[in-house]
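Let me begin by presenting the structure, written as structure tokens, before commenting on it.
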Amino acid sequence: MEDEEKILLKGNIAIAKAAINAGCECYFGYPITPQSEIGEYLSKAMIEEGRIFIPCESELAAINMVIGAGSTGTKAMTSSSSCGIALMQEAISAMYCQQVPGVIVSVMRGGPGLGNIAPSQGDYNQACYGGGNGDYKVIVLSPSTIQESIDLTYLSFHLAFKYRCPVILLADGILGQMMEPCSINKNPYNDYDYNIEKWALNGAKNREPRNLVSLHMDLGELEKLNYDLNKKFLEIEKNEIRYEIFLTDDANIIITAFGTVARVAKTAVKQAREMGIKVGLFRPITLSPFPSNKLGNLICSNVKIVLDVEMNLGQMLKDVRSSVFGKCAVKFMGKPGGGIINSDEILEKIIDINNNIES
Amino acid sequence: MEKLVYQESKCFIENFKYTFCPGCGHGYVLGIIAQLIDEFNIQGETIAVSSVGCSIFLEKFFKLDVVGASHGRSPCVATGVKRSKPNKFVFTYQGDGDALTIGFNETCHTALRGENITTICINNTNFGMTGGQASATSLPNQKTKTTPFGRDVSKYGYPIKAAEMVATCDGAAFVARCAVGSSKLYDDTKKILKKAFQNQINNVGYSFVEVLSSCPTNWGMSPVDANRHIVENVSKYYKLGVFKDITS
Ligand SMILES: Cc1ncc(C[n+]2csc(CCOP(=O)(O)OP(=O)(O)O)c2C)c(N)n1
Ligand code: SF4
Ligand SMILES: [Mg+2]
């Protein structure tokens, strides 16, 4: 099938194409580097498909349109970067509370503030721990290749509708901008029944009215809702954790990294292995919920040190630390503000750590 | 022979209770909306978008599907609803704080895009829900919780004449300002809202209706005085009328 054919695609375009294939009916967005190509591509493709594309007045408008479409059970998406995602936080908290599905693609740039347009992982906290209000949680998926960006775009829509919640696909500027061979394969969730007729708004004809609202003032109402929504998230944690492990079985050193950094780290791990150093890699794919137990269980008596590597000042670090739970030392290596880490730097650090373990 | 004097709209939930203060203008306007939904027979086809303000609990009054929006963003939520379900009747019910202060950007852009929805904006010249602070619509010299000496336009700027401004948006099909406060004004408001509903049903495009309405509690007035204030003062500053109608 032509579906399976390998083509050379830029990351942003691959995400846009996957969204079309995932059955995304509406795209709402406001341009910001390094992800503007997603909206540019969809401005043509969505119209050609007879679907909805709106160039919005702001990211506030975009995410709230996603809520509107999501409330009718329609697959909708927005995409943005750093400060644009910051503007969406109130609505993301509301989506969680109102149980409205929707997909938010976040292609991180350097921060804080307007920062720069270099690749960064400075929005791990923003995605996983948010700036929205209340006890809410978001599913955050982190690809490290363009093929995975495609597969996780499908998964984003799937999880958003399976659990009726917001899902963030978190990529960095490198993944958005680089080109790689990949295939726009078939959406594996095409035939999944999300039962939208059980909850979506389409007019209260011959049935009880429905509402998807976020103010709950009756005594105890909001407390109960919080417990119910948290239970749902525990269910997500049970069923949907995804991660990759690479050469960890006999490892003395485990590197933790996500996104493109994990890819760079993998190269360093391979090189170190050739030198006889027992090093492995743990890459979370669901950043939220974080695969804490999986990482924790890897820390057996062999493992002397975990090295967390990120393109920021250590945002995933606290999740890594709480997963390791004091069973071994955790070191950090990172660069903020758009600084890129290469495999030689990681290799050097691995050698350095290994020498210290041995001595 | 018995004569039917009043019949509760079928659109209201049985034994519903308004959450408003006595004499509040919201109740009149919601009553008109319920009657119009009955008259057009669109209860089963309607999706209401509620906003943040005293009127937030639409789902507690109406037998309608309701989606809530964050403060000022209901035109965007309504856009998402209408674009995904173009055959449904979609309206936003917003206050002046919501539609004209925090959310005026969204209001204008929704008008500019000519979304085929109906916006009803209740202008009671203050933030009612939060206790009566000044909003963009508070009148010159109006005393509020945040303009205790009266709104000094040299310091805080002038009130927003939203209907006039929205009427400049080429995408808007119908823009009007009406009021509740007397039975004559009430009847006019019903006519205008009927037109705004009909427009959407006829796919004419975006309708924006600003309704001058009372907030006796925060105005520190009795319901009767509040109604008189609308007739004698508020509707003098904010001229009533139809500012744009592409169907006429
Ligand atoms: C982002 C945000 N800021 C502030 C508030 C607090 N708030 C709730 S209602 C309201 C004003 C509502 O005024 P208006 O829209 O005029 O409605 P009214 O109550 O007067 O009918 C404000 C400021 C909020 N809920 N959300
Ligand atoms: S505070 Fe004002 S707007 Fe709110 S319910 Fe009371 S009278 Fe009505
Ligand atoms: Mg008000």
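These numbers come from a predicted model, not from an experiment. Protein chains get the first letters and strands the later ones, always in sequence-line order, with residue 1 at the start of each.
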remark   = So, the part of Ser214(A) with a heavy atom under 4.5 Å from chain B: the answer is neither

remark   = If one checks every heavy atom of Gln98(A) against chain B at 4.5 Å, the contacting part turns out to be side chain

task = Could you have a look at Ile67(A), Ile63(A), Ile52(A) and say which one has the most heavy-atom pairs with chain B under 4.5 angstrom?
result = Ile52(A)

remark   = Shortest non-hydrogen pair, Ala69(A) vs Ser84(B), comes out as CA-OG, 3.7 Å

Under 4.5 Å from any heavy atom of chain B - which part of Leu215(A) = both

Part of Arg51(A) lying under 4.5 Å from any heavy atom of chain B = neither

query = With a 4.5 angstrom heavy-atom cut-off, which part of Phe89(B) approaches chain A: side chain, backbone, both or neither?
reply = neither

query = Just wondering, more than 12 heavy atoms not from Asp170(B) lying within 6.0 Å of its CG?
reply = no

ask   = Which pair of non-hydrogen atoms, one from Asn64(A) and one from Ser70(B), has the smallest distance, and what is that distance?
value = OD1-OG, 4.2 Å

key: Enclosure of Phe57(B) CZ (heavy-atom neighbours >12, cutoff 6.0 Å)   = yes

ask   = Checking heavy atoms, do the side chain of Asn206(A), its backbone, both or neither come under 4.5 Å from chain B?
value = neither

query = Within a reach of under 6.0 Å around CG of Asp135(A), are more than 12 heavy atoms found that belong to other residues, nucleotides or ligands?
reply = no

message = Between Val81(B), Ile42(B), Val49(B), Leu64(B), who has the most heavy-atom pairs with chain A when the cutoff is under 4.5 Å?
response = Val81(B)

inquiry  = With heavy-atom distances below 4.5 Å as the criterion, would you say the side chains of Glu57(A) and Cys76(B) are in contact?
reply    = yes

query = Asp65(B) and Lys205(A): salt bridge (charged side-chain N to carboxylate O under 4.0 Å, His left out), yes or no, with the steps?
reply = CA-CA 9 Å; Asp65(B) 278 6; Lys205(A) 192 175 203 159; over 6 Å; no

ask   = Once you round to the nearest 0.5 Å, how far does CD of Glu59(B) lie from CZ of Arg210(A)?
value = 15.0 Å

task = Please state whether the side chain, the backbone, both or neither of Ala94(A) comes within less than 4.5 Å of a heavy atom of chain B.
result = side chain

message = So which residue, Val100(A), Thr72(A), Thr74(A), ends up with the most heavy-atom pairs under 4.5 Å with chain B?
response = Thr72(A)

message = Please find the pair of heavy atoms, one from Ile54(A) and one from Thr79(B), that lie closest to each other, and give the distance.
response = CD1-CG2, 3.6 Å

query = Is the number of heavy atoms from other residues, nucleotides or ligands within 6.0 Å of CG (Leu219(A)) greater than 12?
reply = no

query = Between CG of Leu60(A) and CD of Glu106(B), what distance do you get to the nearest 0.5 Å?
reply = 6.0 Å

key: Rounded distance (nearest 0.5 Å) linking atom CD of Glu115(B) with atom CE of Met65(A)   = 6.5 Å

note = Taken to the nearest 0.5 Å, the spacing of Asn202(A) CG from Asn87(B) CG works out to 11.5 Å

Interatomic distance, Asn211(A) atom CG to Phe62(B) atom CZ [nearest 0.5 angstrom] = 13.5 Å

ask   = How many angstroms lie between atom OG of Ser71(A) and atom NZ of Lys85(B), to the nearest 0.5 angstrom?
value = 10.0 Å

